[in-house]
Every structure is written in C-alpha cells, then in structure tokens.
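Notes for the one structure printed next.
Chain naming here is simple, since letters A, B, ... match the order of the sequence lines and numbering starts at 1 in each. In this text the structure is predicted, and so the values were computed from the model without any measurement.
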Amino acid sequence: MRLHEYEALDIFEQNRIPVPRRELVSTMHDALHVAGEIGYPVILKAQVLVGGRGLAGGIRTAQNEDELKEAADELFMSEVKGMPVRKVLVCEKVDIARELYLGMTIDGYSGKPVIVASTEGGVLIEETARTSPEKIAAIHIEPSFGYYPYQARGLLRMLGIEQKMITAWSDIIGQLYHIATRYEALIAEINPLVVLTNGGLMAVDAVLEVDDSALSRIRFPLPDRVDRIENPLERRGREIGVTYVDLDGDIGLISSGAGLGMASMDIIGQTMRPANFLETGGGITADLLYRCMELIMMKPDLRGIFINVYGGINPIHEGAKGVIRYMQEHNVKIPVVAKALGNRQEETWEIFKSGGVHVVTEAATEKAVDVLYKLVGPGEKGPAAKSLR
Amino acid sequence: MRLHEYEALDIFEQNRIPVPRRELVSTMHDALHVAGEIGYPVILKAQVLVGGRGLAGGIRTAQNEDELKEAADELFMSEVKGMPVRKVLVCEKVDIARELYLGMTIDGYSGKPVIVASTEGGVLIEETARTSPEKIAAIHIEPSFGYYPYQARGLLRMLGIEQKMITAWSDIIGQLYHIATRYEALIAEINPLVVLTNGGLMAVDAVLEVDDSALSRIRFPLPDRVDRIENPLERRGREIGVTYVDLDGDIGLISSGAGLGMASMDIIGQTMRPANFLETGGGITADLLYRCMELIMMKPDLRGIFINVYGGINPIHEGAKGVIRYMQEHNVKIPVVAKALGNRQEETWEIFKSGGVHVVTEAATEKAVDVLYKLVGPGEKGPAAKSLR
Amino acid sequence: MSILMNDSTRVIVQGITGRIGSAQTHWMLEYGTRVVGGVTPGKGGMEVEGVPVFNSVLEAVKETGANASVFFVPAAGVLDAFLETIDAGIKLIVIVPEHIPVKDVLRMRSYALEKGVFALGPTTPGILVPGMGKMGIMPASLFQPGRVGIISRSGTLSYEFAGILSESKVGQSTVVGMGADPVVLRNLADILELFENDRDTDAVIIVGEVGGEQEEKAAGFISRKMTKPVAAYIAGRYSPQGKKMGHAGAIVRGSTGTVAGKHEALKNAGVAVLDSPIDVAKWAKKNKLK
Amino acid sequence: MSILMNDSTRVIVQGITGRIGSAQTHWMLEYGTRVVGGVTPGKGGMEVEGVPVFNSVLEAVKETGANASVFFVPAAGVLDAFLETIDAGIKLIVIVPEHIPVKDVLRMRSYALEKGVFALGPTTPGILVPGMGKMGIMPASLFQPGRVGIISRSGTLSYEFAGILSESKVGQSTVVGMGADPVVLRNLADILELFENDRDTDAVIIVGEVGGEQEEKAAGFISRKMTKPVAAYIAGRYSPQGKKMGHAGAIVRGSTGTVAGKHEALKNAGVAVLDSPIDVAKWAKKNKLK
C-alpha cells in the first residue's frame, strides 16, 4: 500500500526526520488561509498516488495570493496522470542549496534490504544512475545482522560526502531505516533530500510503500486501504478479495492466477481489447466467481467474457457453479468462453456447458481466445496490441 | 534495577500475561477497602525488594476482615529481611491446581539469553533443580537469531507438557521474552506460574530486573531509580555516582574498583569490621573523593578510614586533593591510611602526606591494612570474619 | 531422472489438518507421492488420508524419516514453522501459501541459505516430477513424463506450458514453481543449474513475467554455464506496469524489469524467446524434444 | 614471549580525541606501545600525541596497517563502533568502557566469535606485556617482565597482584583483564588456553571474584588441559552477595557463584587457592617462578 505524501511526511516527522511546515487542504479557501499562515512563497503539491507527479504538472509554486489562486484553481480542476486531484498539500518553500537522494527498498534478487544514496537528487535521479554511477552508492543489509549506523557512514564515505555532513545524513538514514522496519516498507524514499542554505538537511518529499501482507501486524495507525482506491471497480475487487485492474477494452477476463491472467491479456490483446484484468488467487468458491462475474459485468458494453482457470489449489467446479448461476440470474447474453483444466476438469466442463458457456478443453490459451474471437470479432476499438505499449 | 512486584505485574498485564486482580495499598484503611472490592479470601504481599520474601513472612492470606486487619497490621509494622514494609499488594486469591515455573535470564558464560521452565514452581524451585533435574528444561537463544515460538514449544515438549497446555504456555513464554527484550531485562521471572482449577494459566508473581546500563534508552515509563533505594547512605552513593553498600562495622573504605574493594573488605574483615563498601569506578576527581569522604563520614563512630586506589584510568593525585580538602575542612581526627599506586603515584603520596594521611607504598593491601590495624586496633565489635558468612 | 525430488524423497505436509492441506494431501498421495506424515501443532495422533499427524516437525522426522516438507500453513505462522523445519533437519521445503510478509521471507531466505536448505516459494505451486510424485498443488492431469524441465514464476502458467507440451507429446522431467513473490527463497539461476546438471533433462523452459530481475540475472548464468537449449516466455507485455519498486529499485537494477529488457537479456544469452505460450510446441519440435 | 600482543601488534585508539582516550594514548606511547593511529568520526586529520586521527576504522587500517584496537568510546556508541572495527578486519579488540548494556554485549560477543576476533571487556583494564607495550589503562609502574601470566576479572586487582609479584622480583609474561561485566567477550578458559600454549609463560594466576561461573568453568578446562601451575584468588568472601541472577540463573548453573563453590571447583582441578592476595608471593617462591 502506497501512502500519500502527506501521510508519509507525518510519519517521517514523528520519527525525527526534518520536514517542511505544511498543511493538507481540499478547498481554495483553506489553501489561501494556510498559505497566509505559512507565508509566501509556498508550494502546492497534488496528493495523488502516481509517480512522476512533478513532470506531470502536479507541483506548483505560488509567490503571492494571486498566483496561489490560479495554481490551486488549476490543480483542483485537473487530473494528474488520470487521477483527479482532491487534496493538495500546501508547503513552506525552503531555501535549497543542493538536492540529494536517499531511498531504501528490498532487493528481491539478493533477498536483502538495500539503502541507496546519491549526491544528486530530484526527478532525474534514474537518469543520474545511468550517466553518473559514481554519484550513487548502495549498501545491502544482511537480514540476520541488521542495520547499524557505521554502515551508513561507510555508504556516505563511498560518495565522498564531506565529513561535516556525515552525522546529519547518517542520522536520517538511520531514521529512514527505522521507519522502514517498523512499517514493513517495501519502499521508503526521500527525493529530494535537500541541503538548506543554512546547512541543515530536510526531506521535502516522502514516499512510503507498506507491504500489504504485513498490514495486519503493523502496530501503528495506518489509513484504510480500500478507501484510497479511486476506481470504484478496483475498490470493489479489493473488497471481494481479488485483484482487479480497470482497462479500456470490451472483453471481460477472469483468471485464477496472475501469470495466467497476464498471458491471457497478452493473447487477447493481439486481436481484441481486454476490459479488465481480474485474478482470483487461490480462494475460488462458487460465491467468489459469482461476485467476479458481477464485478466485470459492471463495465458497460462488454462484448464477451473469457474465463481461464486451473484446478490446482482451486475447486474450479465450484467456481463454474457460481459463473452459471450469475449468468442464469442475470440472463447474460454475450458469449462466455472458458478454459478450465486440472483437478475435476470434466465435472467443471459439464457445469459450464449446462449454463451455456463455450468450453475449450485444449491446453493452449491461444486456442480458447480464438474461439472467443470467432464469436465476437475485433470490435470497434481494435486490438490492444495497436495502442498499448 | 529490580522492579517491585506490583510494577512488574502491571507491565506483565500490559503485555497480555494473565495476572490476578490486585491493588497497591499503604494503609490499613485502604487494605480493608480493596479487600472488600476484590472479595475474600485475599492475599497480602509485602512490596520489598528482597528475595525469599515468602519464607521470611512477607506473604499472608486473609479469609475475612478480622484476619486482614491482623495480617495487615503485622505487615506494616514489620521488616522483611531488614527492609521496612511501606506498601502492600492486596491480591485476589485464585484457585490453584498446580504451580509451574518460568524464568528468563542472561547466561553470562555462554553469552546468551536462557529461558527456563519447570513443571514444579514455588519457593523451592532451586531445590527441585538439584533433586529432580528432569522437571527442569532450559533453552538458549542465539542473540543473532532471535526468539521464535517453536523454540518455546520445543522447550515444553522436553518437559513432557500435555499438548493441550502447550499453546497457552508458549504464548506466555513469548510474551515474557518480548517484555525482557523491550525492557532489557537481566531477569524476568514468574514463580509460580499457576494452573488455575479452570485450566487457565496465571502469573501470580512477577520479577523484572532491568539492565542499569540500558535505563536511558528504554522507551517505556520506568520508576525513578534513586527513589527506590531505602538506605539513605546508599541513595546518596547513587546520587554522586559511586557504589555504596552500608555495612555494620566501623572502618570506612574507599576503593577505586569493585574487585579491589571486595579484596580490601576481605582483608579488613580478618582483623576489623568494615563500615561500608564504596567503589568509585573510573571517574575519580577531587570533588568526587571529597563527596566520598563526606558520605562515609555520615556513619557515626567511625574509627578509621582505609583508602585503596590505583592510578590507571583514574587521576589519583586529583582524588588525594579531594580527600585532604575534606579532612582539613572538617578537621578529621581519626586515622586515614591510603595505598595509592600507579600513574602519578609519587605526586599522590606527597599530597596525602601533606594532609596527614598515612601513606603505604607497598603493593600488598594486607600491609596497608596492618598499618591501620596498628593505629586503631580491633574495636569493640571485633573482626567481621567472626560474624559474616 | 529429475531434480529436487526423487525415489528417496519422503514428504511431510505441514498444516495437513487444514482444508487445503488435507485436500492436497489427497491429490499428492493419489499421484504416488510418498507422503509419510503431517504436522499440525495440537493435532498430533490424528490421521489425515491415512497419514499420521504429529505435533512437531522434529517428532515427524524422527518417526517417519521424512526429508522434505510442503507447507499449507497460514501465512502468519509460516516463518516460525519454517525455522522449526530447518532445525529439524529437513533439506527441501516448498512454501505454497501466499501473502507472507516480505520481512519474513528475507529472514527465511537467509536462514535457509545459511543452513544449506533448498526452499521454494512463497506462492509456489511446488514441484512435480511426472509419473513419480509431487509436492504442492500442481494438477496432475496436465503433466507427462519426459525430458524437458520447466521453471515458472507463475503457478498457473507452469500448468499451461506443461499442458501444451503434453498435448504435443513432449514430456517433462521436472516442473518447478519458483514462487510469484517479489522475493523468493531460491533464485531462477539456482534451479537452472540443477537442470543443467540433471542427465535426464535435455532442455529447459523458463516461464517468467514482468517485474523483478530474475530473468536478467538468469541470462548471465545461461551465457556463462548452460549447455542445454533454453526457451523463455515472459508474461505481461500489455499488462499494467508491474510492481514498481520506486527509484531505489530502478537505480539498483539499472532497469525496471520490463518485458523488453528481459527479452533482450535472454536473447543475448542465446535463449529462444517465445512470443506466445503456444509457440513452445514449435520450439520443442524444432529441438526434437520429447 | 607473550600472548595476544607481540612485536607486530599495531594499535589504533578508538575515541582517541576524548579526555581519557588522549590521556591513555600518552601512557601507552610512553610505555613503548606501537600506537599507529586513532579514530574519532568527524575528527579525521587531527593529531593526538603525534598520532594521526581518522574518521573511520577502515581508513585507519588502510593507512596504518593497524591490526588491534583499544576502545575509549562512550558506552552508547560501543556496539556500532565494535561491529565497524570487526568489518574493517581488526582481530584483537580491547573494550575499556564500562556500563555497556548487556544486550549490546551479547551482540558483540556473538559477532566477534563468528568472525574469529579476540575481544576483551567490557570494563577491562586491557592487556599489558611488561617491557613491550599495553592496550588499555594498566599503570605501567607496577609491572615487571617475567614468566608468570595473570588473568583478572577485576582491573584494580590485576594491578595488585602484578605489584606484589614485582616487589618479590617475580615478573609477568602478560597481564590480561578479561572484564568485570556479567557477560564478557571472551571467557576465562579461552585466555587460559593461550597461556598454556605460550612457551614464555611458566605459570598462571587467576584473579576472580564472587558471582558468575567463569572460575567454575575454567576449573573444568584446567583439569582437562592445563599442564602449567595455576593459582587463584577469589575476591568477595565477606562481601554483600554478588549480583543475583534470580532463580533462573541459579537453576541453570546449579550454584550461585559463591566464593566457597569456586574454591571447591578450583581445588578439585588442582589449582592453588590463595586466601589473600599477599599469599601469591609465597606461592611464586614455592614454584620458583620469576
């Protein structure tokens, strides 16, 4: 779960990382009031959960009331990368001498947390990593050993940081690692970490992504996870316990695994256009697939449905019952094609067929997708392969 | 720092270990009131920081008001192992089916925390360990590995605990270890851990000793450390930063190390009787030794003073200045003998001599003690060797 | 023959008394797997599908001579049970459950590597050796004995590839699910190495997906060490971007685990990159695999 | 010759810029110790007593070839600096400071043992090789070169015993303070073993005290392995009871670390138990030590 910047800044502040004065607002009136209290110039930052917000116009500076009115007006009317801006953080504009970078993530390949620091922060940090690798240093932390401050000092020496800055930097690294540990963060990042003209360090941005699997055992207050999903269909997916991603096509998809779902999308996308990605994981029941059908059918103008499930851990015959119950109760007329293999496959086929589902018994998803394509054609929007990256 | 039972029980309760209903009282009036609320029978437990409290009469049962009055009266008038009883814990008397033992300490030799459990708890637990070792099991925890619940289950299986009890037991072991870690405990102990007649487990006693060296970094509220020292001289020692133990003799002792102090006591005790043990550690200054002199002179009827210091980490010439300044200002008439060797020893000897201190320059403490003995003789109480264990 | 599992593999099922644990024990036994015991603390003395249940792994190992374990334990209890299993001397562990906190996986991985234990998962369908046995949840009907090894990050896609091969009369030597989590207990290259050294495997298929850098790192191993033909499919070409690991991840890796990046690395290592799952049949035919 | 320190020992002083660190550096240099550098983060580039100061241990090791370190670091910073020192490749570490939390000492001990580092303390006066050098705070005037080894739990009592021997014209090969804390980085038996294997040590004196079980465990080692004469003095006979480790401690150990218990164990191992420090002179004479 990715926290909003304002939520992460609060947590950073509670853990003694210096952050700017700021307040969250959701109206122009409040923005004016807060900016008056903080004092101009101020920075307005759209609180949307997307990366590259700055380059997409989500961050604005206002030197005075007029500029603030204009900037806030535009922000509240805008979308940043498709996300509507409902909340804006009004921040003190600090005097920056230099921008640095500090981040922590999990290196999946080595199976260790990694701390990354750079003497050049800001939006182009990934570019810096490619062009000037000497400006970046990283250290891995052994899980059974833990983090100690001397590791941070070593990291900073690798970067050639002046000795007088090392204590302040390494204190912030320690605090960031502490936060990452307590919140079971997959990412904890400060970009930029700035050197103020008075010599101090400050985190003027904050990223914190908490491990979803650990949410139930984190002892600190966290925002509600479902509430923050903007898209109502995706929110519904989370509520019923499946992964749903909304897409712009017209073919509904239900799969029983993420890899299978992605491959199904890749294959569908060659000739048609998926309306969604839906992955059930290992918890299929008749009720769950009933709700999945309900969810994908919320999308208007669906032309067909593709179901791709395996009976490994999942009782697919139960799932089939849920699908046809929905179809019968709601009189589904669009073609539904199902590929269902594995344990109890024959039983599953019979159930699907009894409800009017087109069953494919071959292993290759391509063949099942072909069956659907022959029933519904390319549609008006054309194949996804043409427009998606 | 050893916590009082009532303090430790509160911490145990906050950490989800079942404990009896109870309240702390310091007057008979309150004892009656609390017992009425809890309901008879109740147990009265003297809150004194000594071991073996039960065998020394510090725990009493009261079936009714009359018995409570009598027991509380006696407790508040009494001393337990020399400690006056100022506070009494009034506890619900639970129905006990069986007494168990659970403790955690640091095994200094292996350098690991060790968890000890026994199927027989109570005051005779050490006896049980000698006579029925099969009723005791212990596991060491690797510091770099940490504690996991399966270790507790393994420990309990070693003891042959019935399976149905294992989850409740191992939960309590986990909580106790958790408490010990958070509070940096050198000892965390439940004796007895009781099986109630309803089958549940409960900690009816609690011991928690916190590492003095870690006090400043423990994030949870802890009682003040100096306040709890009953003896005013010992409290004063703690305040000025030295270890002072009050004894029943008439020879004052100042030493610059614990080992040297103990050896000095052993040697003095052969012919005379020490009035105190005072050990400065490595922080000697003129002021500190001035205060040490002040402290040991608080004891009435002192017949002589023995100073035994080494100049390793300590500037003993500074210490000597403090001693003679005190002697001059307070016109000390009793003999003071000093053995002071190491860095700057000649300078130190000159300072001591200038203030009228008898200086011994030989290495053996025995010779210096002999000098003092020749000046003051055995005294009325005779040598400590005769009466101490 | 096979990798990881063989004739002398004696399996215990942890969490055997649960709904999924008992159902999967049924399927494993039906497939001929030597399931010798189960573990659920507090349920010792029971039987599930005719298999004795023990209270602890140590007891199960002592009583049954088990040397491998498959987990159907609730996510919150996996770390503890995993450490217990290693301490009891088990050398092969399959972690089927999903949603295990990454922090726990890091600890599990570091301990398994330290103790020389081969562990797969979390979120893995396990291991299946066609005609011999399986540890995990792979549905037996899709697999046929043969000489092609499959390693998959995705459970369901491993079935898909085995199914397509089986339909084309190409059998499998061993099918291994390495787990779908961002951190898994063993990396792709470690499993590739086992297939490279297995004299009954002629070729290997990697079924990967967008995100992470398993495939990129495996490409390095393949170009340095592999002599057997390797094909690879990477799912997620048109998918919404995979789990983004922030700038820090991108900086450390130098790429963001895109499908294109993986394709390039694998092609440079001489791997046959498959555009679509069904292409695996053609590739097998071209390489005369069976 | 000596144990732990020898001609090729090159010492750095950690916390060299502090009041005690700089004073003790003076005494160590004056005694002829090869102090090649100091470390205080943030003070790199300074000099203390003519010795260069570095910001990190790694830098100090690289620039000076140091292979040993003595600590005068504030207690709260010792754990971190200790791990840094081990990672920098130092193999002999003396921890002079007192009041280090036990939890930190456990971590330090476990890491030092894992990495094969010999560490002494906390709360140790260090090591002194008469006539050659010293790491720590022992006051040089009390020591004389010779062939008797001393190991002491107490700092000041090590000086006392060395002083009495020196007055009796009996010199010391090496004097080692093992540290006065309830948990120390190396146990008594480990140091005894070094003396047993040192061809320039003829006999060893153990200066112990009430509490713990170092002496009892050492007695086991002595009866199994030691061939050289050993004498022991245990301080604290008339002292208020030593730190009580609760029932758990007593149960684990089976005794409470009493003077009487230690005497008995040592006597049974053939150790000459001294009633009073001054008796060490007689014992040395009887054994013709010098």
Side-chain angles (χ1 to χ4, degrees), chain B residues 51 101 103-109 111-114 116 118 125-126 129-130 136 138 142-144 184 186-187 189 191 207 209 211-214 217 245 247 255-260 262-263 265-267 269 277 281-282 310-313 341-343 345 362-367 384-385 388, chain D residues 20 24 27 75-76 96 98-103 105-107 109-111 114 125 137-139 141-142 152-157 159-160 163-164 166-167 180 182-184 187 207 209-210 212-214 217 233 235-240 244-252 254 276-278 281:
Chain B
Y101 170 86
M104 198 233 64
T105 185
I106 307 296
D107 178 358
Y109 192 77
K112 294 170 190 170
V114 57
V116 184
S118 170
I125 177 69
E126 292 179 36
R130 269 188 294 278
I136 308 268
E142 288 288 336
S144 66
E184 306 219 16
L186 301 178
I187 310 170
E189 196 171 63
N191 185 28
V207 172
E209 178 160 339
D211 183 356
D212 284 342
S213 301
R217 69 183 188 190
V245 180
L247 301 170
S255 66
S256 66
L260 185 67
M262 284 195 280
M265 279 181 49
D266 291 351
I267 294 164
F277 169 91
Y310 275 98
I313 202 163
L341 297 173
N343 300 330
Q345 58 187 25
E362 285 164 294
T365 294
E366 288 87 343
K367 296 192 177 164
L388 290 174
Chain D
I20 295 174
Q24 294 295 330
W27 296 113
V96 174
E98 53 188 358
H99 303 313
I100 300 172
V102 169
K103 197 200 257 178
V105 179
L106 299 184
R107 188 75 191 86
R109 183 178 149 114
S110 124
Y111 197 54
E114 184 188 326
I137 59 172
M138 292 189 191
S141 58
L142 295 155
S152 178
R153 284 174 65 185
S154 149
T156 41
L157 273 186
Y159 317 157
E160 178 94 1
I164 295 171
S166 297
E167 276 185 2
V183 186
V184 286
N187 288 337
V207 185
E209 58 188 50
V210 67
E213 54 174 349
Q214 289 289 351
K217 294 282 184 182
Y233 169 75
R237 196 181 311 199
Y238 304 130
S239 300
K244 189 162 158 53
M245 293 303 270
H247 291 302
I251 293 166
V252 172
S276 198
I278 204 167

Assert top hit (heavy-atom pairs under 4.5 Å, partner chain B, pool D/M138, D/Q24, D/E209, D/K217) equals D/K217
Looking only at heavy atoms, the pair that brings D/P101 and B/S213 closest together is CG-O, 3.5 Å
Max heavy-atom pairs within cutoff under 4.5 Å with chain D, candidates B/N343, B/L260, B/I267, goes to B/N343
The interface call for D/I100 against chain B, heavy-atom contacts under 4.5 Å, is backbone
When the 4.5 angstrom heavy-atom criterion is applied to B/E362 and chain D, the contacting part is both
Whatever's closer than 4.5 Å to a heavy atom in chain D on B/I313 counts as both
Minimal heavy-atom distance between B/A214 and B/E184, with the atoms involved, is CB-OE1, 3.1 Å
side-chain contact (heavy atoms from CB on, under 4.5 Å) with B/I187: of B/I106, B/D211, B/V207, only one passes, and it is B/V207
All heavy atoms of B/G259 vs all of D/L157, minimum pair found to be O-CD1, 3.3 Å
Tightest non-hydrogen contact, residues B/V116 and B/Y101, listed as O-CE2, 3.8 Å
Whatever's closer than 4.5 Å to a heavy atom in chain B on D/V105 counts as neither
Pair count under 4.5 Å, heavy atoms only, with chain B: among D/S110, D/A281, D/P277, highest is D/P277
Note: vs chain B, highest number of non-hydrogen pairs under 4.5 angstrom among D/K103, D/R153, D/R107, D/E160 is D/E160
Short side-chain to backbone donor-acceptor contact, B/D266 and D/S276, under 3.5 Å: no
Rounded to the nearest 0.5 Å, the CD1 atom of D/I278 sits from the CD atom of D/E167 at a distance of 8.5 Å
Under 4.5 Å to a heavy atom of chain B? For D/Y233 that would be side chain
